[in-house]
Amino acid sequence: MAVASQRSTEMTDEQRAITEMVRQFADEQIIPAAEHYDHEDEFPEPIVEQMRKLGLFGVTIPEEYGGMGLDLTTYAMIVEELSRGWISISGIVNTHFIGSYLLMKFGTDEQRERFLPRMSTGALRASFSLSEPEVGSDVQGIKSTARKLDDGAWEINGQKMWVTNGLLSGVCFVLVKTDPKADPPHRGMTCFIAEKEPGAHENTGDWAGFTVPPKIKKMGYKGVESTELVFDGYRCPAENILGGEEAGVGKGFAQMMDALEVGRVNVAARGVGIAQRALELALRYSQERKTFGKPIAQHQAIQFKLADMATKIDAARLLTLRAARLKDAGERSDLEAGMAKLFASETGKEVVEDSFRIHGGYGYSKEYEIERLYRDAPLLLIGEGTSEIQRMVIGRKLLERHKI
Ligand SMILES: Cc1cc2nc3c(=O)[nH]c(=O)nc-3n(C[C@H](O)[C@H](O)[C@H](O)COP(=O)(O)OP(=O)(O)OC[C@H]3O[C@@H](n4cnc5c(N)ncnc54)[C@H](O)[C@@H]3O)c2cc1C
């Protein structure tokens with residue numbers, strides 16, 4: 001039951017066609033299979049293979065590198081549909097999207113030519129890594145380092161945490177300190193394009209010293225792996241510094257913060273997608289379930305809940321698309337992306353909880369899809385910056401824009 005979802009009148013013909021295609025894909029291939037992969041915590045390889053065929057790993061990559069060359073707005077619409085199916089599927093694409101954005105915006109021509117053609121087909125998938133065991137929100141506090149060796153290569157040491165697609169990706173955009181004494185610390189941070197063997201826990205040969213421990217067990221967001229990364233004497237050639245050695249050393253923090261801005265639009269779209277699915281489930285269940293002689297949808301308290309859910313989803317979607325459109329138009333969207341991420345992720349959690357309540361006891365049963373959504377939704381409050389961090393970003397940007 002697809003109801004009250006993205007309004008096709010606000011879309012271009014191309015956006016309408018691709019959104020409908022992805023919605024059909026979600027209805028036919030993601031939603032029916034999600035229960036199995038979630039339950040087994042198994043990587044959904046057949047779904048990912050289909051996504052490769054549909055070109056979904058190259059949506060924003062320019063056509064000259066084999067991608068579709070679509071804008072952030074269209075990407076956000078696609079992410080909403082994938083997340084409506086299962087947010088783990090959008091998680092498989094999300095870090096890849098951030099990696100390709102980093103290459104498109106900051107990479108050298110040589111780096112773009114080396115990585116983007118394989119990334120556009122999904123043959124090579126990307127992850128990105130800022131967080132560490134002791135540091136998440138306070139990115140400038142990371143401890144991992146890279147130092148230049150006599151032969152010109154760089155050696156990375158340190159431990160990373162919570163890397164989505166950490167095992168199966170073939171390339172990880174990893175932020176480390178190249179000048180741990182820099183003041184302020186962000187001036188001493190650099191982003192390395194760390195290559196590795198997809199699926200290997202212990203890398204060997206040129207990539208020795210890059211270990212991926214077993215995946216972290218999570219309450220939700222299953223199927224897509226989240227891992228630690230251990231760098232112990234991992235050698236990275238200077239040409240793998242994002243943007244090249246001359247331009248890239250010391251620029252990693254700014255590069256990653258730029259990428260997180262588009263990442264926030266992406267997480268906002270995921271909030272809209274999961275909320276949309278929760279509303280659909282609530283609309284159906286509330287018309288089927290009867291109490292006190294009538295469908296619960298006929299009780300005003302339930303109708304009010306449905307009304308609030310739908311209203312919040314529309315508002316979240318509009319905020320998300322506004323942030324994406326500003327970015328596509330080349331305008332500042334830091335404040336707007338923060339607002340979209342904050343509101344849409346909170347909406348995702350609230351609407352899922354309302355739908356869960358509408359399901360009564362059955363919402364607590366693994367037989368019902370809402371149980372999975374209830375475990376999945378809280379992740380959106382954390383990734384790409386928690387709600388507290390979004391409020392800090394919004395507050396700071398507001399004051400910057402309205403300085404007296
Ligand atoms: C499933 C999953 C996947 C992830 N994937 C990735 C990934 O692919 N790559 C990656 O780099 N990271 C990833 N992360 C990490 C994620 O970005 C961090 O968990 C997040 O940034 C929060 O950091 P933290 O967990 O260290 O919490 P902390 O920074 O320790 O924060 C703890 C609490 O304190 C609050 N807080 C912190 N500072 C302040 C402040 N100044 N004012 C008020 N409140 C504050 C926070 O909002 C939070 O509520 C993932 C996390 C999860 C759970």
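Start at 1 and go down the list; that is how both ligands and their atoms are numbered. Every value quoted in this text rests on a predicted model; they were computed, and no experiment measured them.
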Any nitrogen or oxygen of [X], side chain or backbone, less than 3.5 Å from one on ligand 1?
{"X": "T164", "answer": "yes"}
{"X": "W162", "answer": "yes"}
{"X": "F128", "answer": "yes"}

(request) Would you check if there is a donor-acceptor pair between the side chains of E132 and S144 at a distance under 3.5 Å? (result)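 Yes, side-chain donor-acceptor contact under 3.5 Å.
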I'd like to check [atom] in this structure: does the protein have a heavy atom lying under 4.0 Å from it?
{"atom": "atom 3 (C) of ligand 1", "value": "yes"}
{"atom": "atom 33 (C) of ligand 1", "value": "no"}
{"atom": "atom 30 (O) of ligand 1", "value": "no"}
{"atom": "atom 8 (O) of ligand 1", "value": "yes"}
{"atom": "atom 36 (N) of ligand 1", "value": "no"}
{"atom": "atom 25 (O) of ligand 1", "value": "no"}

Would you say that [X] contacts [Y] through its side chain, given a criterion of any heavy-atom pair below 4.5 Å between the two side chains?
{"X": "R147", "Y": "T178", "answer": "no"}
{"X": "M257", "Y": "V139", "answer": "yes"}
{"X": "E346", "Y": "S387", "answer": "yes"}
{"X": "E261", "Y": "S333", "answer": "yes"}
{"X": "E14", "Y": "T74", "answer": "no"}
{"X": "R372", "Y": "K366", "answer": "no"}
{"X": "V171", "Y": "I193", "answer": "yes"}

Give me the nearest non-hydrogen protein atom to [atom] as residue plus atom name, then the distance to 0.1 Å.
{"atom": "atom 41 (N) of ligand 1", "value": "M392 SD, 3.5 Å"}
{"atom": "atom 39 (C) of ligand 1", "value": "I389 CD1, 4.3 Å"}
{"atom": "atom 49 (O) of ligand 1", "value": "E388 OE1, 3.6 Å"}
{"atom": "atom 28 (P) of ligand 1", "value": "S137 OG, 3.6 Å"}
{"atom": "atom 46 (C) of ligand 1", "value": "T386 OG1, 3.6 Å"}

I need the contact type for [X] against ligand 1. Using non-hydrogen atoms and a strict under-4.0 Å cut-off, is it side chain, backbone, both or neither?
{"X": "S129", "value": "backbone"}
{"X": "N165", "value": "neither"}
{"X": "L130", "value": "both"}

(request) Please say which of K327, R396, R401 ends up in a salt bridge (Lys or Arg N to Asp or Glu O under 4.0 Å) with D334. (result)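 Per the salt bridge (Lys or Arg N to Asp or Glu O under 4.0 Å) rule, the option paired with D334 is R401, out of K327, R396, R401.
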Parallel under 30°, tilted from 30 to 60°, perpendicular over 60°: which one fits the rings of [X] and [Y]?
{"X": "Y234", "Y": "F210", "answer": "perpendicular"}
{"X": "Y75", "Y": "F97", "answer": "parallel"}
{"X": "W86", "Y": "Y37", "answer": "parallel"}

(request) State if K160 counts as touching ligand 1 under the rule of any non-hydrogen atom under 4.0 Å. (result)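 For ligand 1, residue contact (heavy atoms, under 4.0 Å) with K160 is absent.
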(message) I'd like the name of whichever of G141, G136, S131 reaches closest to atom 16 (C) of ligand 1 through any heavy atom.
(response)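 Closest candidate by heavy-atom distance is S131.
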(message) Judged on heavy-atom distance to atom 1 (C) of ligand 1, which of L379, I382, I98, T95 sits nearest?
(response)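 The nearest heavy atom belongs to L379.
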